Visitor: 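Sharing a structure here in structure tokens format.
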Amino acid sequence: MDDAKLNVILDRHDRDPSALLAILMDIQKEENYLPREDLGRVSERIGVPMSRIYSLATFFSAFSLKPRGKHICTVCMGTACHVRGAPKLVEQIGRDFDVKAGETTADMKLTLETVNCVGACALGPLVILDGEYHGNITPTKLERVMKNLKKEQG
Amino acid sequence: MEPPDDKTVRFQINGRSHEGTRGESLLAAIRRHGYEVPSLCYHEAVSPYGACRLCLVEVKRGRRQKLTTSCNYPLQEGIEVFLDTDRVVRHRRTILQLLLAMAPEAEELRSLAAEYGVEDTPFVTDEEHADNACILCGLCNRVCNEVVGAHAIAFAGRGLHKRMESPYDDVAEACIGCGACVFVCPTSCIGIEETEQMRRILKWHRDLPMQKCAACGRPFAPTFQIMHFADKIGVERSHFDRCPDCR
């Protein structure tokens, strides 16, 4: 992230150390992940030790320290989704796109993530593709949801 | 005896009356009066954290009697504390078994467990991290933050994946190599190596060149540490040109 952009984000939060979480979210919104070099500059400029930033960034699964793909597919693995076959969905996506859970495809098109419950258990199993929630997913339905992505990948 | 001011409270340990300061750590008060309670994550120099759970005692307040960690229990007027009830001992044994599952090789932990007749653990041991005796007590982190002020390390991850490490598990740039974490670690899992030229803190991947005394030529502390301390207490760096013996 260029310096001016980062400063805009920092100034938006008054360079307040207690706004660290919001700052990290803003950076991730821009960059799709949290670049190490950016975090170093945040540490220097708002006076929060790097160890603390790293601690926060690794605590929340919403943050990623590795570059993520253009599209982000999140499969809910909460108890309800899990017993309704979420692991099979992860397997299916993994097979179709050659990607492991928590990783990104080689062409940086898709990141596959798993989370432990998004709080919509009645809709389980649940797949979230780029922020859009798809409930009661079956293998066929999943194929339909991922169709455009597959096309894009060619 | 002096009249009790509003800070002084009376409480009981195993049925005997004692006095202490309101709000102080119950564990500190218990130990000051000569009783023994085991602990791994407590150190009087830093804030209590209640991670190891070994300082468990029973506290009776009013009609309620409950198990609680004593290190982070603020002392109050009129509480009755029981140190070695069956309930305390039973739970402490379980805790020792759980800790042993995390660090089966840690000598300090093994000998403490043996005192309670715990030789083995029924819980699944963490094979993947068998060489890592860290019990996630966070004491190194608190010492680094609160005493040293270097903020070099912190907990990373969460749940099963929680670990104590330097940022990115890479060289801890903020580490001054003072070795305080190594000194306080209850399971000796951090590791330090020292030669004439270099001090290494193994777990934080930190190698720091040693400062040689201008008078006797003996290496006595990492240069980076000396700079940190000189800045902190506001003296000239030259004050530390010589080792404490030659100063």
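Just so we're clear, the structure is a prediction, and the values are computed from it rather than from any experiment. Letters A, B, ... are given to chains in the order of the sequence lines, protein chains preceding strands, and every chain is numbered from 1.
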Visitor: For residues 74-86 of chain A, give me every residue with a non-hydrogen atom less than 4.5 Å from any non-hydrogen atom of chain B.
Guide: none
Visitor: Within this structure, what is the CG-CZ distance for the pair L34(A) and R68(A), rounded to the nearest 0.5 Å?
Guide: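 Reported to 0.5 Å precision, the distance equals 8.5 Å.
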Visitor: Heavy-atom distances under 4.5 Å only: say whether L56(A) touches chain B with side chain, backbone, both or neither.
Guide: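 Neither; nothing under 4.5 Å.
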Visitor: Rounded to the nearest 0.5 Å, what separation is found between the CD1 atom of I27(A) and the NZ atom of K29(A)?
Guide: 13.0 Å
Visitor: Within a radius of less than 6.0 Å around CE of M1(A), do more than 12 heavy atoms belonging to other residues, nucleotides or ligands occur?
Guide: yes
Visitor: Please list every donor-acceptor pair closer than 3.5 Å that links chain A with chain B, giving the two atom names and the distance for each.
Guide:
unit_1 : atom_1 : unit_2  : atom_2 : d
R36(A) : NH1    : D170(B) : OD2    : 3.2
R36(A) : NH2    : D170(B) : OD2    : 2.9
S51(A) : OG     : H151(B) : O      : 2.8
Y54(A) : OH     : E165(B) : OE2    : 2.5
S55(A) : OG     : F155(B) : O      : 2.3
T58(A) : OG1    : G157(B) : N      : 2.8
F59(A) : O      : R158(B) : NE     : 2.6
F59(A) : O      : R158(B) : NH2    : 3.0

Visitor: Determine whether more than 12 heavy atoms belonging to other residues, nucleotides or ligands lie under 6.0 Å from atom CG of N7(A).
Guide: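 Atom CG in N7(A) is crowded, with more than 12 foreign heavy atoms closer than 6.0 Å.
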Visitor: I need the D98(A) CG to E103(A) CD distance, nearest 0.5 Å.
Guide: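 Answer rounded to 0.5 Å: 10.0 Å.
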Visitor: Residues two or more places apart in sequence or in another chain: which of them pass salt bridge (Lys or Arg N to Asp or Glu O under 4.0 Å) with E30(A)?
Guide: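 Per chain and number, E30(A) pairs via salt bridge (Lys or Arg N to Asp or Glu O under 4.0 Å) with K5(A).
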Visitor: Looking at A154(B), G159(B), A150(B), C144(B), which has the largest count of heavy-atom pairs under 4.5 Å with chain A?
Guide: A154(B)
Visitor: Side chain from CB out, backbone as N, CA, C, O: work out which of these in A156(B) comes under 4.5 Å of a heavy atom of chain A, or both, or neither.
Guide: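 Its backbone and side chain both get close to chain A.
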Visitor: Give a yes or no on this: more than 12 heavy atoms of other residues, nucleotides or ligands lie within 6.0 Å of atom CZ of F183(B).
Guide: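 It does not: F183(B) CZ has 12 such atoms or fewer within range.
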Visitor: Quick check on L39(A) against chain B: is it the side chain, the backbone, both or neither that has a heavy atom closer than 4.5 Å?
Guide: side chain
Visitor: Quick one: list whatever passes side-chain contact (heavy atoms from CB on, under 4.5 Å) with V182(B), sequence neighbours left out.
Guide: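 So V182(B) forms a side-chain contact (heavy atoms from CB on, under 4.5 Å) with I190(B), I192(B), I201(B).
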Visitor: Any chance you could measure L112(A), atom CG, to H71(A), atom NE2, to the nearest 0.5 Å?
Guide: 14.0 Å
Visitor: May I ask you to say whether E143(A) pairs ionically with K150(A), meaning some side-chain N is under 4.0 Å from a carboxylate O?
Guide: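 The answer is no: the pair does not qualify as a salt bridge.
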Visitor: Verify side chain to side chain contact (heavy atoms under 4.5 Å, CB included) between F60(A) and L24(A), making sure each step is shown before the conclusion.
Guide: CA-CA 11 Å; F60(A) 295 102; L24(A) 295 187; over 6 Å; no
